[in-house]
Engineer: 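Encoded as structure tokens, here's the structure I'll be asking about.
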Amino acid sequence: MSFYDESLKHQLEELKQNSNYRHFIELSKESDHFPHAITAQEHIPENVMVCCSLDYLGMGHHPKVVSAAIETVKKSGVSSGGSRNLSGTCYQHVELEQELADFHRRDSALVLNSGYLANQVAVSVLGSRFEDCIIFSDELNHASIIEGVRASRSDKVIYKHNDISDLELKLSAVEHDRPKIVIFESIYSMEGDIAPVREMLICAKKYGALTILNEVHAIGIFGEGGRGIANDIESQYQPDLIIGSLSKGVGAFGGYLAGSKTLVDSIRSFGYGLIFTSSLPPSVCAAALASIRHIRSSNEERERLLSNAAFLKQRLGEENLRIMPSDTHIVPVIVGNSKLCNAISKRLLREFGIYAVAVNFPTVPWGTERLRLVATARHTKEMIEELVTALKICFAEASLSYSEALQCEDLQLEEA
């Protein structure tokens, strides 16, 4: 074994010893039975209930969405043919971008291959196009935003999570005429909390900053027609750029951004992550378009999702299971110890056929390890009761309270 393999193997072993090694569970997703899936892995029940899906509304399995994808594959095949600037721009891309621009009441929109890429490309491009630019970023912003800031090579300032006072303090310390970008998320995916979006935007604009709002976990769920948290904010305080996802509430795949023609065209023209990447297949764009059009006209899915989230939080509270404060469909259950978190996740899967992934460092800070639960629009009350009962059993039989778990870094729990 080479020096390089040996070095990497040692680093992987450290991950495993710290319970931070990531295991991928193979699932065969059954469209007619979502949120259930089938697995052939050893020591796991064949029928698994998924309780951590990002397909919040179940739109990835909606007949309109599935039909749009199938019909487009028949007509256009499975490949876009290349990058957008070569042979990879299809009319489905253009139609979807027009729909997204109208959806967000913006002049223009641009579709990219993932929400990660949309964040990384937008931040890196805009941060690098203004001389002496400084980027203000929330301390819990997504890894893709962090990578975008790094790639921009701009100066950066990290402000406390959702803390308007801290943001204003740090903005006020910078020359007013210096180019500034403020970027934050409307909903934070590991906390489930909603940012004070209007107040943050007012503060940023007071100091002349360009504002970027990541709405990926709000699209399809909050705001009129699922347009996101910013939808109800007055026009003078609207974010300059909105970043969204097509793979969460929309249930398809990809990411996008919406803003002025100049902003969007600049990212299109200078964004290497778009220019040098093959574009989304036409069928994916058609599926996303069908989903967005349905979401705009239907409240049924989001009302069911939010009702299920409220019921899950109520039942967890009644069983004294410790959840983080959340006003959204994301329900984090605090464990506070990586070994315990992994062990409970594995036992839920192996004994109860429930998939609730453990979220450990570095995704979340040490001591805040958690199970990130989602009861989608396709879950039933009976399924939620099944989840809560299984969680209660796992923690009761561990003979360990949540408060003890938070302080027990060396816990050894026999894995099922």
Side-chain angles (χ1 to χ4, degrees), residues 22-25 27 29 34-37 44-45 47-58 60 140 187-194 216-218 220-222 247-249 251 301-338 340-361 363-365 368-396 398 402 405-406:
R22 300 173 190 269
H23 295 274
F24 296 159
I25 306 301
L27 298 174
K29 303 198 174 170
F34 179 79
H36 285 90
I44 299 175
N47 189 17
V48 172
M49 178 170 64
V50 180
C51 294
C52 50
S53 175
L54 299 184
D55 186 3
Y56 300 131
L57 301 175
L140 294 187
I187 295 176
Y188 287 82
S189 62
M190 291 300 147
E191 283 69 34
D193 58 343
I194 300 177
V216 298
H217 292 279
I221 299 155
F222 291 94
S247 60
K248 296 174 177 62
E301 290 81 10
R302 55 180 151 266
E303 287 177 356
R304 194 182 311 128
L305 170 68
L306 295 176
S307 174
N308 281 345
F311 181 65
L312 174 58
K313 283 180 270 193
Q314 174 193 327
R315 289 293 297 115
L316 290 170
E318 289 170 351
E319 298 297 343
N320 295 316
L321 298 175
R322 187 180 178 193
I323 61 175
M324 294 180 68
S326 169
D327 296 319
T328 70
H329 48 291
I330 298 166
V331 184
V333 177
I334 285 290
V335 178
N337 177 277
S338 57
L340 178 61
C341 199
N342 284 343
I344 289 177
S345 176
K346 288 178 182 179
R347 186 171 182 199
L348 283 170
L349 185 61
R350 294 176 179 181
E351 292 190 22
F352 299 95
I354 292 174
Y355 184 30
V357 70
V359 182
N360 296 327
F361 180 85
T363 305
V364 296
T368 70
E369 291 83 358
R370 67 201 68 171
L371 300 173
R372 181 190 184 278
L373 304 179
V374 175
T376 72
R378 296 278 292 269
H379 280 78
T380 64
K381 293 293 190 293
E382 291 76 16
M383 292 176 191
I384 295 171
E385 287 286 2
E386 182 183 345
L387 169 61
V388 173
T389 299
L391 281 168
K392 182 181 177 182
I393 291 171
C394 285
F395 276 96
Y402 279 103
L406 287 169

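For reference, positions follow the sequence shown, starting with 1.
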Engineer: Could you tell me whether a side-chain N or O of Ser326 sits under 3.5 Å from a main-chain N or O of Val331, the two making a donor and an acceptor?
Structural biologist: no
Engineer: Could you report the tightest heavy-atom contact between Cys341 and Val335, atom names first, then the distance?
Structural biologist: N-CG1, 3.7 Å
Engineer: Rounded to the nearest 0.5 Å, what separates atom CD1 in Ile330 from atom CD1 in Ile221?
Structural biologist: 7.5 Å
Engineer: Check whether any side-chain N or O of Arg370 sits under 3.5 Å from a backbone N or O of Met190 as a donor-acceptor pair, and report yes or no.
Structural biologist: yes
Engineer: Do the charged groups of Lys392 and Glu385 touch, with an N to O distance under 4.0 Å?
Structural biologist: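 No, Lys392 and Glu385 are not salt-bridged.
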Engineer: Quick check: closest heavy atoms across Ile187 and Ala218, and the distance to 0.1 Å?
Structural biologist: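 Minimum heavy-atom contact is CD1-CB, 3.8 Å.
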Engineer: Measure from the side-chain N and O atoms of Ser345 to the backbone N and O of Ala356, and report whether any donor-acceptor pair falls under 3.5 Å.
Structural biologist: yes
Engineer: Any donor and acceptor pair, going by atom type alone, linking the side chain of Asn308 with main-chain N or O of Thr376 inside 3.5 Å?
Structural biologist: yes
Engineer: Does the distance from a Lys or Arg side-chain N to an Asp or Glu carboxylate O, for Arg304 and Glu301, drop under 4.0 Å?
Structural biologist: no
Engineer: Is a side-chain donor or acceptor of Arg302 paired with a backbone partner of Gly249 at a separation under 3.5 angstrom?
Structural biologist: no
Engineer: So how far is it from Phe34 CZ to His379 NE2, rounded to the nearest 0.5 Å?
Structural biologist: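 Interatomic distance, Phe34 CZ to His379 NE2, rounded to 0.5 Å: 7.0 Å.
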Engineer: Would you name the heavy atoms of Cys51 and Ile354 that are closest together and state the gap between them?
Structural biologist: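 Scanning both residues completely, I find the closest heavy atoms to be SG-CG2, 3.9 Å.
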Engineer: For residues Thr328 and Asp193, determine if any side-chain heavy atom of one lies less than 4.5 Å from a side-chain heavy atom of the other.
Structural biologist: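 No; the side chains remain at least 4.5 Å from each other.
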Engineer: How long is the span from the CG atom in Asn342 to the CG atom in Leu371, to the nearest 0.5 Å?
Structural biologist: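 Separation between the atoms: 9.5 Å.
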Engineer: Between Arg372 and Thr363, do the side chains contain a donor N or O and an acceptor N or O under 3.5 Å apart?
Structural biologist: no
Engineer: Apply side chain to side chain contact (heavy atoms under 4.5 Å, CB included) to Phe222 and Leu306, showing your working.
Structural biologist: CA-CA 10 Å; Phe222 291 94; Leu306 295 176; 4.0 Å; yes
Engineer: Any chance you could measure Ile344, atom CD1, to Ile393, atom CD1, to the nearest 0.5 Å?
Structural biologist: 12.5 Å
Engineer: So do Leu373 and Ile323 actually touch side chain to side chain, heavy atoms under 4.5 Å?
Structural biologist: no
Engineer: Looking only at heavy atoms, which two atoms of Leu27 and Ala37 are closest? And how far apart?
Structural biologist: CB-CB, 4.1 Å
Engineer: What class does the angle between the rings of Tyr56 and His329 fall in, given that below 30° is parallel, 30 to 60° is tilted and above 60° is perpendicular?
Structural biologist: perpendicular
Engineer: May I ask you to test the Leu54-Val374 pair for a side-chain heavy-atom distance under 4.5 Å?
Structural biologist: no
Engineer: With heavy-atom distances below 4.5 Å as the criterion, would you say the side chains of Ile44 and Tyr355 are in contact?
Structural biologist: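 Side chain of Ile44 against side chain of Tyr355, heavy atoms only: no contact under 4.5 Å found.
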Engineer: Would you compute the distance between atom OG1 of Thr380 and atom CD of Glu386 and round it to the nearest 0.5 angstrom?
Structural biologist: 8.5 Å
Engineer: Once you round to the nearest 0.5 Å, how far does CD1 of Ile384 lie from CD of Gln314?
Structural biologist: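 Separation between the atoms: 10.0 Å.
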Engineer: Are any non-hydrogen side-chain atoms of Asp55 and Lys29 less than 4.5 angstrom apart?
Structural biologist: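 With C-beta onward as the side chain, the pair stays apart.
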Engineer: Do Arg378 and Met383 come close enough that some side-chain heavy atom pair is under 4.5 Å?
Structural biologist: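 Of all side-chain heavy-atom pairs linking Met383 with Arg378, none is under 4.5 Å.
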Engineer: Is any side-chain heavy atom of Glu319 closer than 4.5 Å to one of Leu391?
Structural biologist: no
Engineer: Going by heavy atoms in the side chains, are Cys394 and Leu348 under 4.5 Å from each other?
Structural biologist: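 When only atoms from C-beta onward are counted, Leu348 and Cys394 do touch, with a gap below 4.5 Å.
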